[in-house]
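Right, one structure below, let's go through it.
Protein chains get the first letters and strands the later ones, always in sequence-line order, with residue 1 at the start of each. Source: prediction; values computed, not measured.
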Protein chains: 4
Amino acid sequence: MDGRPANDPSPWMTFENRRRARDEKREAVLRTAVQLFLEQGYHRATLNEVAERLNITKPALYNYFRSKEDILFECWALGQEQVDGFIAAIDGSRQNGLGKLRALVHSYAETMATDFGASLVRFDPRDLSPSNAKTVRAAKRGIDQTFRRYITEGIADGSIKPCDPKMAAFAIAGSLNWIGHWYQRGGPLTPDAIADDFAERLTEGLATTTAGKRAAKKPSAPKTKKSAAKAPPQRKKK
Amino acid sequence: MDGRPANDPSPWMTFENRRRARDEKREAVLRTAVQLFLEQGYHRATLNEVAERLNITKPALYNYFRSKEDILFECWALGQEQVDGFIAAIDGSRQNGLGKLRALVHSYAETMATDFGASLVRFDPRDLSPSNAKTVRAAKRGIDQTFRRYITEGIADGSIKPCDPKMAAFAIAGSLNWIGHWYQRGGPLTPDAIADDFAERLTEGLATTTAGKRAAKKPSAPKTKKSAAKAPPQRKKK
Amino acid sequence: MDGRPANDPSPWMTFENRRRARDEKREAVLRTAVQLFLEQGYHRATLNEVAERLNITKPALYNYFRSKEDILFECWALGQEQVDGFIAAIDGSRQNGLGKLRALVHSYAETMATDFGASLVRFDPRDLSPSNAKTVRAAKRGIDQTFRRYITEGIADGSIKPCDPKMAAFAIAGSLNWIGHWYQRGGPLTPDAIADDFAERLTEGLATTTAGKRAAKKPSAPKTKKSAAKAPPQRKKK
Amino acid sequence: MDGRPANDPSPWMTFENRRRARDEKREAVLRTAVQLFLEQGYHRATLNEVAERLNITKPALYNYFRSKEDILFECWALGQEQVDGFIAAIDGSRQNGLGKLRALVHSYAETMATDFGASLVRFDPRDLSPSNAKTVRAAKRGIDQTFRRYITEGIADGSIKPCDPKMAAFAIAGSLNWIGHWYQRGGPLTPDAIADDFAERLTEGLATTTAGKRAAKKPSAPKTKKSAAKAPPQRKKK
DNA sequence: TATGAATGAGCCTTCATTCAT
DNA sequence: AATGAATGAAGGCTCATTCAT
């Protein structure tokens, strides 16, 4: 059960197990919280409800998080980790600008269909402490710049038609972020289908003619472990 | 001063004036409120702050609105009126589907750059009473359907390439709604420029080749008074 | 009733009355609070109890004070005002050092027998905000220095035997502050009797022989209005 | 190491050692707690902080004490033991009333400069359980009566001028207790110097003329072991 | 003996809303 | 129409204490 022989009295493993159990509970709190926050909105959701869904009591949450805001921020951070992960992977891949952009759109679209991904665009940074809000805003800026960067690259390498990277990025990001608002699990569209559709749709207008005739189907991030991200978002450990 | 002779003691005109003054104050409240709600978010903004900015006291607000939520809803309603207005105008115009879609995108983009317009996408319907929330959701559905309708029309009349109207509408609406989140008055981009750019950008991928070569610059709604809207959103009068 | 003719429609007086009523309520809160804080201690006393004793509800207190700590500080400030008042009066009086010291002891002893006076020594400055705590500590230092100053004056003018002003001040102030801890209203000793006794007792050891044979009985502050204080303690108005 | 041969397997000694170790830890807790309570005040100090300073965890404290209040009471008890000790010693000494009073003042002043001594006057009996509070109040009364008793003795044996023992005791005790509030370790005054000063200062006013001319310098309690106290304060064993 | 985790009780504070004037 | 005052409802957070391990 614990993955170690029963006769192994190593207190270290016990310690390890404890830490693991703790981390699992922490994550359970975050999963519950992000759902509730998305369902009801951060302000309407109470810590009591979060605790109730976890069958614990409110103060127990404070064993894992410093405050309600801390929980909010950590939810966001988990989503941001995903984004950082696939951006790092795409950055490390060998593709022209258009290819990277398509990969980005695809991965981003998929992420928007997850709870933590949606939290990236549905949570309000103004609910965060100044320090955390700063972190969030910096990350948002980073994502925007990644979009622009790929577009600029594409223009440079000829895979993307000359255009204004800033506006193009806004338009694409808007479409993608919107997914976080309308996507419902259990609907007729799977995240993957949405991602495929958007990857094509949002880039076809930018592609130079030849590049537009795409043969390959899956422009997702090249096979890389999600964990291959560069740097997770900075956050204070409790 | 009031547009009537000072010696006219007509109580009826006085009454009329009273009503007008009242309406002006109501609007002033809404303008202040929508700004504050956008600035700080609905929950962080307090009625005290709204009142303070108007140099009145909190209870005075209750002379014009039944509740904080009422104010929120009315803000939304003003934005929705704008949308209803230009949709009615476009509906009444003689254009092919692509033309209507472009006109819609243009007007919608412009609206997103206004306070009341932004409130359409930045306010959370869950902050409204069930009844008002229903109204809002119906209106949102209406807008979505308008997008799909124009696209369908365009496909039928050959101005738009065959595609999935639902996904196309989502993509376009997402880009547009996103404007409400990033547009800042005083930035380098004017609402009109944004609207022009988006009208072109978001439809070029859909246009059939010939239709894509657009000559005319301004595809905005044919000269119609904004107030020519058909039906203002249903709402309870106080 | 209002001290003005009934036919006087002056809204200003109404305003004045309002303000007076408000101030009276504020004071009532402070009187209730200081009693409760002395009875039970600041931490054990809840705002609910304060409100209950006033037959109002807890949030009503927030119309008059910003926080529980604010109430605590204002209680202290009222006591400090008394002290500032009689110190100013004694400072302005024509007496030798011993006379001033006796007057100070007498007035201080009397003050210690009042609620607001006792709050000066029974409230804990660490319960105050840093800013308010600073004010309190400065005031405490001021009182100490007044004791030392009178003693030094007395030594200079020959009315007090040469001694260490610092230790003498500590000894005297300690005896006086202690009153705030043991004095109970309704006991066998009246504040005035205590004040007389301490004024004599705490100074006889210091007096030079001739000055020790005091004839006059009442060494209290020369007839001055209590309100003739110089500067009330600085505090933020709500 | 433990004062017994290493090859002695006597479980009883082990038991004895355990008890000793336990007592040492208990005392360490009390020393840490009394400091923290004095530093921050009983209510602001948390058991977590106490535990942290001891490099243990909060629940570990419950191995030695039943509750936070229990710790508070035991701190007080240690201080009271000191007082009981020197009072017993003085009681057993051969001196006139004035001598005893001076000895008492001296020892009490010294005690006030210790942490446990200061706790006697800086801790609030209302933070204790009714039962413990009763014990404390009885002890306080006992100290007061000791002061009065020595004064009365002194009057009887002619070493002290006729006066009101009650008020004299209040005045003296107040000065002494105040030491607990202003004395800071590391200041310019040593506890011994303070004790000397106060022993002289607080009694010179009471001494009959001849007795006032004191020759001996150190009026402290006749050489007796501190532990020679009669009875430690009654308290419930865990 | 010591710990991580959990809990129950309680309190301050905020704010939309109402009411008497 | 407007205000000062008051209220009810609610939520976040703290902390002493307990319990299983």
For the residue pair B:Trp76 and B:Leu128, establish whether any side-chain heavy-atom pair is separated by less than 4.5 Å.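 The answer is no, as the side chains (C-beta and beyond) never meet within the 4.5 Å cut-off.
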Side chains of A:Asn132 and A:Glu69: does their closest heavy-atom pair fall under 4.5 Å?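 Yes, their side chains come closer than 4.5 Å.
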Which is it for D:Ile71 and D:Val34 under the side-chain contact (heavy atoms from CB on, under 4.5 Å) test, yes or no, and what are the steps along the way? CA-CA 9 Å; D:Ile71 296 179; D:Val34 76; over 6 Å; no
Paired runs of 3 or more consecutive Watson-Crick or G-U pairs involving DNA chain E, with both pairing distances under 3.5 Å, are E:2-21 with F:2-21
Report which part of the nucleic acid B:Ala51 touches: base, sugar-phosphate, or nothing (heavy-atom distance under 4.0 Å, all strands). nothing
Could you pull out the closest heavy-atom pair between A:Cys75 and A:Ser119, with the gap in Å? O-OG, 3.7 Å
Note: A:Lys58-A:Glu52 ion pair, threshold 4.0 Å (strictly below):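 A:Glu52 and A:Lys58: not salt-bridged.
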Determine, for B:Tyr62 and B:Lys68, whether the Lys NZ or Arg CZ falls below 6.0 Å from the six-membered ring centre while staying within 45 degrees of the axis. no
Toward the 5' end of DNA chain F, by each residue's nearest nucleotide, A:Asn48 or D:His43: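 It is A:Asn48, whose closest nucleotide lies nearer the 5' terminus.
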Look at the rings of C:Phe123 and C:Phe37 and say which category their plane angle falls in: under 30° parallel, 30 to 60° tilted, over 60° perpendicular. perpendicular
I'd like a table of atom pairs between the protein and nucleotides 3-5 of chain E - only N or O on both sides, under 3.5 Å - with the distance next to each one.
| from | atom 1 | to | atom 2 | distance (Å) |
| --- | --- | --- | --- | --- |
| E:dT3 | OP2 | D:Thr57 | N | 3.1 |
| E:dT3 | OP2 | D:Thr57 | OG1 | 2.5 |
| E:dT3 | O5' | D:Thr57 | OG1 | 3.2 |
| E:dA5 | OP2 | A:Arg22 | NH1 | 2.6 |

Could you check C:Ala45 against B:Leu47 and say which one's nearest nucleotide on DNA chain E is further toward the 5' end? C:Ala45
